[in-house]
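Residues: numbered from 1 along the sequence shown. Keep in mind it's a predicted model, so treat the numbers as computed, not measured.
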Amino acid sequence: TNRLHGQAFYDFQDYRALFANTAGGITTPFQRTQYGGSIGGPIIKDKLFFFGNAERIKQESPVSITMAPTFAAIQARYPTIPSPYRETYSAARLDYNGPFNGHYFVRANYDVNKSSSNFGAGYEIYNNRDNTPGLAAGADFATGHFTHSFRGSYEKFHNLLVDGTG
């Protein structure tokens, strides 16, 4: 639209409201915070518009571990492993009402998340980080009774998995 608009949000959860017990009856703390916002509006009235969005998740959620009976004393003392999770997603878009009765757009987005967990494999901890940038562009035209749409995009997924035991 030709007016500036936006929103913001914040959401908090923890184990007292949702996750009282995990598998095996071990009570573990759980906290998740999710927040973000968006804004959009005109750059040139009726011609060029922008939109931007960002969201963040921050989660603390220890996972239960299972060890061989030889290590029962260690498991009794340390029954969980920290398993933090973080994710940030952002996007930006430009829309243009241009020549030849066309609507043009370009969009960029970036998603990054990271977690540390044992992924059910015992006491070993692995750090995982995923990066996913993307670009897209397109054009729409209306001629007579037909609408023509052209789209192109690029996205790259990059995964980094390393030993996090240290």
Side-chain angles (χ1 to χ4, degrees), residues 1-20 22 28-63 81-121 125-166:
T1 69
N2 284 313
R3 293 182 13 194
L4 188 65
H5 56 276
Q7 69 167 357
F9 67 91
Y10 179 85
D11 182 38
F12 176 78
Q13 305 168 9
D14 75 356
Y15 70 100
R16 291 171 286 201
L18 186 60
F19 291 96
T22 61
T28 60
F30 170 87
Q31 285 189 343
R32 182 179 187 147
T33 306
Q34 188 171 359
Y35 53 92
S38 63
I39 188 166
I43 296 173
I44 300 172
K45 186 178 178 182
D46 295 326
K47 286 287 185 187
L48 183 62
F49 304 90
F50 77 95
F51 176 79
N53 176 59
E55 299 180 25
R56 172 96 167 140
I57 296 173
K58 180 182 175 193
Q59 178 174 300
E60 305 298 337
S61 176
V63 294
I81 297 174
S83 181
Y85 176 78
R86 308 287 186 266
E87 182 165 17
T88 303
Y89 177 80
S90 55
R93 180 174 168 135
L94 289 174
D95 286 276
Y96 179 63
N97 294 324
F100 309 109
N101 200 21
H103 172 80
Y104 310 88
F105 77 91
V106 63
R107 179 179 191 266
N109 61 282
Y110 185 70
D111 185 30
V112 60
N113 67 60
K114 60 183 178 178
S115 62
S116 297
S117 182
N118 65 349
F119 301 103
I125 300 174
Y126 298 96
N127 294 329
N128 182 50
R129 182 181 169 106
D130 300 325
N131 296 307
T132 312
L135 292 170
D140 298 317
F141 300 94
T143 56
H145 297 291
F146 297 99
T147 300
H148 310 286
S149 295
F150 302 94
R151 302 280 187 269
S153 66
Y154 169 81
E155 185 170 274
K156 180 177 180 167
F157 175 75
H158 179 252
N159 180 256
L160 179 63
L161 186 64
V162 296
D163 181 11
T165 305

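With Phe49 as reference, Asn2 is the one residue of Asn2, Ile43, Leu94 to meet the side chain to side chain contact (heavy atoms under 4.5 Å, CB included) rule. Screening Glu60, Lys58, Gln59 for a side chain to side chain contact (heavy atoms under 4.5 Å, CB included) involving Pro84 leaves a single residue, Glu60.
For Thr1, there are no side chain to side chain donor-acceptor pair (under 3.5 Å) partners two or more places apart in sequence or in a different chain. With sequence neighbours excluded, the residues forming a side-chain contact (heavy atoms from CB on, under 4.5 Å) with Ser38 are Gln7, Phe51, Asn53, listed by chain and number. Qualifying side chain to side chain donor-acceptor pair (under 3.5 Å) partners for Arg151, counting only residues two or more places apart in sequence or in other chains: Asp140. Arg56 is linked by a side-chain contact (heavy atoms from CB on, under 4.5 Å) to Tyr35, Arg86, Thr88, counting only residues two or more places apart in sequence or in another chain. With sequence neighbours excluded, the residues satisfying side chain to side chain donor-acceptor pair (under 3.5 Å) with Asp95 are Arg93, His103. Take Phe150 and apply the side-chain contact (heavy atoms from CB on, under 4.5 Å) test, not counting sequence neighbours, and it matches Phe141, His148. Judged as a side-chain contact (heavy atoms from CB on, under 4.5 Å), and not counting sequence neighbours, the contacts of Ala54 are Ser90. The side chain to side chain donor-acceptor pair (under 3.5 Å) search around Asn101 returns none, not counting sequence neighbours.
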Go through Tyr96 and Ile44 one step at a time and tell me if the side chain to side chain contact (heavy atoms under 4.5 Å, CB included) criterion holds. CA-CA 9 Å; Tyr96 179 63; Ile44 300 172; 5.8 Å; no
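Pairs engaging residues 35-53 under the salt bridge (Lys or Arg N to Asp or Glu O under 4.0 Å) rule: none recorded [sequence neighbours left out].
At a threshold of 4.5 Å between non-hydrogen side-chain atoms, the residues Leu48 and Tyr104 do not count as touching.
Within a 6.0 Å radius of CZ in Phe100, no more than 12 heavy atoms belonging to other residues, nucleotides or ligands are found. Taking a 6.0 Å sphere around CZ of Phe146, one finds it holds 12 or fewer heavy atoms contributed by other residues, nucleotides or ligands.
A distance of 8.0 Å separates OG1 in Thr132 from OH in Tyr110, rounded to the nearest 0.5 Å. The distance from the CG atom of Asn128 to the NZ atom of Lys114 is 11.5 Å, given to the nearest 0.5 Å. Atom OG1 of Thr33 is separated from atom CG of Asp11 by 8.5 Å, given to the nearest 0.5 angstrom.
Across Pro42 and Phe50, no two heavy atoms sit closer than the pair O-CE2, 4.1 Å. Shortest non-hydrogen contact noted between His5 and Gly41 is CE1-N, 4.2 Å.
For the 3.5 Å distance criterion, the side chains of Glu87 and Tyr89 fail to qualify, holding no donor opposite an acceptor.
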